[in-house]
Amino acid sequence: MTAVTQEREAVAAGGAMRAAERSALETLRHGLRLSPEFRRGLGGTAVLAVLATLGKVIIPFAVQQVIDHGLRGAAPDVPFIRNMVLLCGLAVLLTALAGYLMNVRLYRATESGLATLRGKGFRHVHDLSVLTQNSERRGSLVSRVTGDVDQISNFMQWGGLMVIVAAGQLLIATIVMAVFSWQLTLLVWACFLPLIFVLPRFQRLVAAGYTAVRERTGDVLAAVSESVVGSAVIRAYGSEDRTARRVDAAVDGQRAAQTRAQKIVGLTFPVTELVASVALAGVVLLGVELGLHGSITEGRLVAFLFLITLFISPLQTATEVLNEAQNAIAGWRRILGVLDSPADVADPENGVTLPRGPISVSFEGVGFSYPGGVPVLHDVSVDIPPRTRVAVVGETGSGKTTFAKLLTRLMDPVSGQVLVDGIDLRDVKFSSLRERIVMVPQDGFLFDATLEDNIRFGRPSATTEEIRLALTELGLTDWLDGLPAGLDTPVGQRGESLSAGERQLLALARAYLADPDLLLLDEATSAVDPATEVRIARALDGVTRGRTAVSIAHRLSTAEAADEVLVFQHGRIVQRGPHAELVEEPGVYADLYASWTSATRS
Amino acid sequence: MSSKVSTAVMRQGLKVIGVAIRTEPRVFTAAVLSSGLYGVMTVASSWALGRATEHVVLPAFREGRTSAGALTTAALLIIGVAVLKALGIMGRRILAGIMQYRMQAASRRAVTRQYLRLPLAWHHRHPTGQLLSNASSDAEAAWGPLAPLPMAVGVIVMLVTAAVAILVTDPVLAIVGFLIFPAIAVLNLIYQRKLSPLATRAQQLRAEVSEIAHESFDGALVVKTLGREDAETARFQAKADELRDANIAVGRVRGLFDPMLEALPTLGVLAVLLVGALRLQSGGMVAGELIEIAYLFTLLAFPIRALGWVLAELPRSVVGWNRVQDVLDASGSMEYGTARLDGHGPAEIEMSGVTYGYDPEAPVLRDVGFGVTPGRTVAVVGPTGSGKSTLTQLLARLIDPDRGAVRVDGTDLREAARGAVSEVVALVPQQTFLFDDSVRGNIALDRDTHDRSTDEQVWAALRLAQADGFVAALPEGLDTRVGERGATLSGGQRQRIALARALVREPRLLILDDATSSVDPQVEKRILYGLREGSARSTVIVVAYRMATIALADEVVYLEHGAVADHGTHEELLARCEGYRNLVTAYEREEAERAAIESDEEVVA
Ligand SMILES: Nc1ncnc2c1ncn2[C@@H]1O[C@H](COP(=O)(O)OP(=O)(O)OP(=O)(O)O)[C@@H](O)[C@H]1O
Ligand SMILES: Nc1ncnc2c1ncn2[C@@H]1O[C@H](COP(=O)(O)OP(=O)(O)OP(=O)(O)O)[C@@H](O)[C@H]1O
Ligand SMILES: [Mg+2]
Ligand SMILES: [Mg+2]
């Protein structure tokens with residue numbers, strides 16, 4: 001079994017995209033690597049963070065100074081205390097300034113990094129093969145480049161540096177504490193050491209909890225998306241209640257996952273609190289003991305008690321940050337799930353750029369099966385010489401669209417190969433391929449923009465004049481003139497402000513403007529009225545002379561006009577030849593034609 | 001002006017919080033109690049430490065000895081307080097989470113209910129991506145402050161406790177401490193004012209980013225076939241970059257105010273030390289008390305920020321809440337009457353003087369009127385964009401006419417009760433839509449899906465739609481999941497499932513809007529014959545171009561530019577209506593012309 005088929009089966013079996021199994025740390029590292037912006041200026045930010053942290057040592061230090069020096073004598077040394085306090089006040093303000101600068105730098109770095117990450121994820125979704133795209137629901141894909149990335153920002157803006165700050169704080173606290181009393185410091189460390197072994201276990205639970213939340217969130221988006229996109233059908237069948245139940249199930253699933261994650265976090269978080277109190281009690285006991293032996297002064301012991309807070313609070317922050325990190329890692333896993341999914345139909349490195357001009361295509365023993373499914377194309381071999389007009393006909397489900405997708409390399413064959421001008425499609429550079437071969441799929445998806453923008457999607461450099469010319473050449477001027485705002489008419493969501501036929505006309509114009517050497521129409525005019533269809537067919541005929549055209553159609557008028565007809569049945573080409581010959585021989589085509597003629601003529 | 005904005009935001013924000021408290025009073029109370037416990041215990045922990053210092057540590061140093069009993073009590077006190085505090089934290093966190101998630105889920109449910117209730121016209125006006133973000137990130141933002149809320153309430157409890165503790169210990173120091181709190185409040189207010197417009201913008205952009213992603217992934221096939229990945233990525237990246245800039249702007253404000261809010265309590269501690277020293281000097285207090293109060297302030301420094309968190313979340317919350325509320329308040333939902341349409345046998349249809357425009361200024365149907373006697377089959381024919389689909393939507397009451405009326409069995413559809421129309425009328429729309437569900441689920445929809453008889457009905461419908469063959473061949477038969485929008489089926493297979501979905505309901509009025517366009521002629525023929533034989537119980541309205549379909553109809557309504565140009569039998573229209581003739585005989589004429597050209601060529605050759 002090749003790597004590719006294994007991959008495909010993994011996709012089929014798993015359904016959702018999953019990141020390769022990585023430990024949390026690797027995920028983190030990988031995630032950080034994906035956004036180099038995170039590291040830009042990190043040194044400066046870290047210095048500021050350390051400064052900001054130093055500020056936090058000021059209080060215990062001041063307290064210690066005040067108690068040990070200011071209050072030692074019978075009467076407190078007020079000028080000393082005043083100076084200390086003023087000095088500390090200044091330091092606190094400087095600390096706040098450092099904090100501000102650190103935050104600004106941090107926000108800039110992380111938001112830039114996340115914007116890049118969104119872009120990369122988005123791009124990769126488009127690079128995935130059609131099959132992989134279809135294995136995941138749209139809403140869920142959307143959440144991977146939106147909400148999932150947002151999860152990371154929390155951690156990066158607050159947590160990431162907090163870890164550094166907390167570590168710094170811990171270090172400083174340990175050193176200062178050790179200066180005061182190494183015995184007590186050892187005791188404190190001894191109390192916290194077990195946490196190092198326990199916390200990772202908790203973290204794994206937390207991580208699983210958050211990952212479930214992200215997945216359920218994707219489900220919610222998918223369910224909501226379906227209820228919005230399918231609104232017409234839902235209303236027509238009065239199935240609002242059923243849809244609402246499906247949405248409710250998804251929402252409840254999400255809520256349950258969130259609550260579960262929160263419970264885990266809630267139960268693990270106070271552990272540090274408990275350990276801290278044990279440490280504190282221990283210090284009181286041991287401190288008094290030490291004091292009795294004269295190895296520590298009372299001022300030092302009291303200051304030490306303050307220092308413990310300094311030691312505990314970064315630990316608490318660290319637990320919090322670790323939880324937040326698990327959330328971020330869950331988000332990262334989801335976006336890595338996209339980025340790790342191989343773009344199995346990928347742009348070849350050093351791909352061939354083919355010269356434009358007449359194009360020939362051949363299928364050599366091509367077989368195909370959808371992941372986890374039975375073969376739907378068997379050993380298809382066919383040559384399409386340059387400048388031919390080919391019609392592809394066949395029963396519903398016979399493999400025509402599959403054939404088209406292989407021809408345009410939306411998918412790669414499982415066996416055999418597809419050649420264009422004698423070169424395997426897999427070796428042709430995408431930009432060259434998409435320029436030469438363009439398919440118009442059956443449902444002409446339009447973007448929520450004006451008519452003009454949608455047509456220009458086929459060739460961004462086209463001028464308005466060229467767009468008008470294209471519409472004229474296709475014989476659509478009358479239709480265009482009938483529209484209230486002409487080229488500026490907005491087409492609405494997915495083109496829903498146009499009629500189905502109008503959408504197809506636009507999709508056709510868009511592909512036509514792209515001016516490919518091979519135009520592949522997959523039932524591209526199925527919703528257009530016969531008069532317009534005939535007009536378009538004729539226009540295409542006139543202007544695409546010299547190019548190759550492949551049309552899939554159930555309306556056999558297309559087949560009649562073609563140079564050659566390919567008849568598909570159960571995934572094989574069972575008949576081929578010009579229409580005139582095929583109608584004469586008994587077979588699939590003659591039958592189809594008979595029912596077509598009985599359909600068109602009364 | 002902006003101060004008014006910010007107080008308004010504040011007031012609204014508190015209102016939102018009020019809604020949550022009223023909805024979940026018990027959870028909220030429990031969370032606040034836990035948080036209060038936490039607050040009191042935080043203060044108590046400083047008291048425990050102070051007590052240990054005053055009664056155990058200092059005496060021990062002074063006297064050079066100590067008793068095991070005093071030591072143990074001190075240690076147990078410290079630990080006992082911590083245990084209670086930990087319980088408080090647990091309760092607060094978990095309960096706050098439960099409250100927040102419940103509210104979010106409730107919003108999500110309410111919003112989608114509303115999506116399902118609002119008319120199609122409303123949907124046309126709102127991008128899917130935006131609706132998605134209403135249900136996800138806006139619902140999340142709206143209830144964002146609930147997470148830190150109990151903590152904040154706890155902090156208030158803590159502050160009050162601390163205040164009492166300080167007052168009891170030393171009134172003069174208390175005044176110093178109390179000066180800090182108004183300063184914090186003022187700072188927070190300024191914070192709000194600066195933050196809220198920025199938060200609004202960021203939230204809006206978040207929705208726009210999701211909109212682009214949704215649209216672009218929806219049209220992934222087109223993007224791919226035209227090789228436009230780079231352009232789409234650029235479009236998305238531009239919006240993502242705008243979001244980035246908006247977030248950085250938010251970060252700048254947060255970055256400025258957060259350290260300031262953090263610094264204030266610290267400054268308070270320093271002030272306490274200074275004043276405390278003076279008080280010590282004058283003998284107004286003892287060292288232990290000063291230490292206790294100083295410790296209290298260091299403890300307060302962290303939790304007091306929780307107040308800031310709630311306040312920082314408020315603007316975003318208000319924005320999210322308003323966006324959710326806009327959906328919930330959207331009017332124009334369909335009005336329903338009380339009439340039932342439970343007659344028997346095929347329905348009688350009457351359209352009279354119907355005018356409809358998606359934009360009322362530019363009607364796409366004008367004064368359309370025709371009647372259909374029960375059991376007849378009517379073909380609706382017309383050029384692309386002439387209003388056929390619009391007509392079918394009116395018949396299924398997906399939209400209401402601007403003028404005129406659509407009647408079924410003499411009842412105006414607007415007077416029909418909720419759900420009455422869909423019980424009687426089944427529409428197979430031109431654009432096939434399948435749910436991400438099993439074949440059975442897609443066909444049976446609301447019917448009890450485990451019922452054996454339903455299964456039989458489903459198979460019967462599949463047979464009628466000529467789909468039984470391929471469904472039986474699917475790996476799991478009726479239980480096979482079809483993927484989002486039926487992605488794992490071929491175009492024709494999807495259409496036939498959609499057809500079966502309508503047929504299984506045995507509707508009294510069946511409307512087929514070009515529902516066999518992706519089906520090959522042979523299958524179409526079989527479906528049509530099946531329909532004719534089985535359709536004695538239905539009135540059928542069928543939008544079609546193919547002659548076979550039209551020939552099957554008893555009469556034809558020919559639409560042109562949104563008006564009925566002619567109505568009669570196929571033969572009548574062929575004879576007297578030129579537009580109709582041109583349309584339906586286009587293929588024949590084309591073929592004839594081609595034949596003529598070919599014979600010409602032969603003559604020339
Ligand atoms: N994404 C998919 N996953 C699994 N099976 C699929 C997928 N797409 C299509 N199939 C199956 O492959 C077979 C061929 O489908 P294809 O779309 O090529 O048919 P077609 O000839 O274009 O039919 P139609 O005329 O209905 O469009 C069908 O049986 C279909 O169910
Ligand atoms: N949601 C909408 N908003 C605005 N205009 C619309 C909307 N839907 C359709 N239209 C316009 O109304 C007119 C009639 O559309 P309709 O879909 O009813 O045509 P049709 O006869 O079904 O065409 P076709 O044969 O292409 O399916 C068209 O000009 C179309 O542009
Ligand atoms: Mg197909
Ligand atoms: Mg239509």
Select one option (side chain, backbone, both, neither) describing which atoms of [X] are under 4.5 Å from chain B's heavy atoms.
X        : value
A:Thr401 : neither
A:Leu301 : side chain
A:Ser225 : both
A:Glu435 : neither
A:Gln493 : side chain
A:Glu502 : both
A:Ala514 : side chain
A:Gln258 : both
A:Val228 : both
A:Leu114 : neither
A:Ala537 : neither
A:Val528 : both
A:Phe122 : both
A:Asp150 : side chain

Short N-O contact, B:Arg485 and B:Asp218, less than 4.0 angstrom: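 Looking at B:Asp218 together with B:Arg485, the answer is yes, because their closest N to O distance falls below 4.0 Å.
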Tell me, out of [options], who's got the most heavy-atom pairs with chain B below 4.5 Å.
options                               : value
A:Phe447, A:Phe430, A:Trp479          : A:Phe447
A:Leu285, A:Thr408, A:Val130          : A:Leu285
A:Val104, A:Val229, A:Val440, A:Leu93 : A:Val229

Under 4.5 Å from any heavy atom of chain A - which part of B:Asp436: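 Both backbone and side chain.
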Contacting region of B:Phe217 [heavy-atom separation from chain A under 4.5 Å]: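 Contact with chain A involves both backbone and side-chain atoms of B:Phe217.
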Main-chain N/O of A:Val145 paired to A:Arg118 side chain as donor or acceptor, under 3.5 Å: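 Yes: the side chain of A:Arg118 pairs with the backbone of A:Val145.
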Under 3.5 Å: donor-acceptor pair, side chain of B:Tyr115, backbone of B:Leu131: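 Between the backbone of B:Leu131 and the side chain of B:Tyr115 there is a qualifying donor-acceptor contact (under 3.5 Å).
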Greatest number of heavy atom pairs closer than 4.5 Å to chain A - which of B:Gln100, B:Met260, B:Arg102, B:Arg589: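 Of the options given, most contacts go to B:Arg102.
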Selection from B:Gly97, B:Ser136, B:Gly492, B:Pro127 maximising heavy-atom pairs under 4.5 Å formed with chain A: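 Of B:Gly97, B:Ser136, B:Gly492, B:Pro127, B:Pro127 has the most heavy-atom pairs under 4.5 Å with chain A.
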Within 45° cone and under 6.0 Å: B:Arg501 NZ/CZ vs A:Tyr237 ring: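 Relative to the ring axis of A:Tyr237, which defines the angle, B:Arg501 lies inside both limits.
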Test: A:Arg123 cationic atom under 6.0 Å from B:Phe236 six-membered ring centre, within 45° of axis: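 Judged by the rule, A:Arg123 and B:Phe236 form no cation-pi pair.
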Between CD on residue B:Glu232 and OG on residue B:Ser216, distance to nearest 0.5 Å: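 Interatomic distance, B:Glu232 CD to B:Ser216 OG, rounded to 0.5 Å: 3.5 Å.
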Side chain to side chain donor-acceptor pair (under 3.5 Å) between B:Tyr545 and A:Arg555, worked out: CA-CA 11 Å; B:Tyr545 295 127; A:Arg555 297 185 183 176; over 6 Å; no
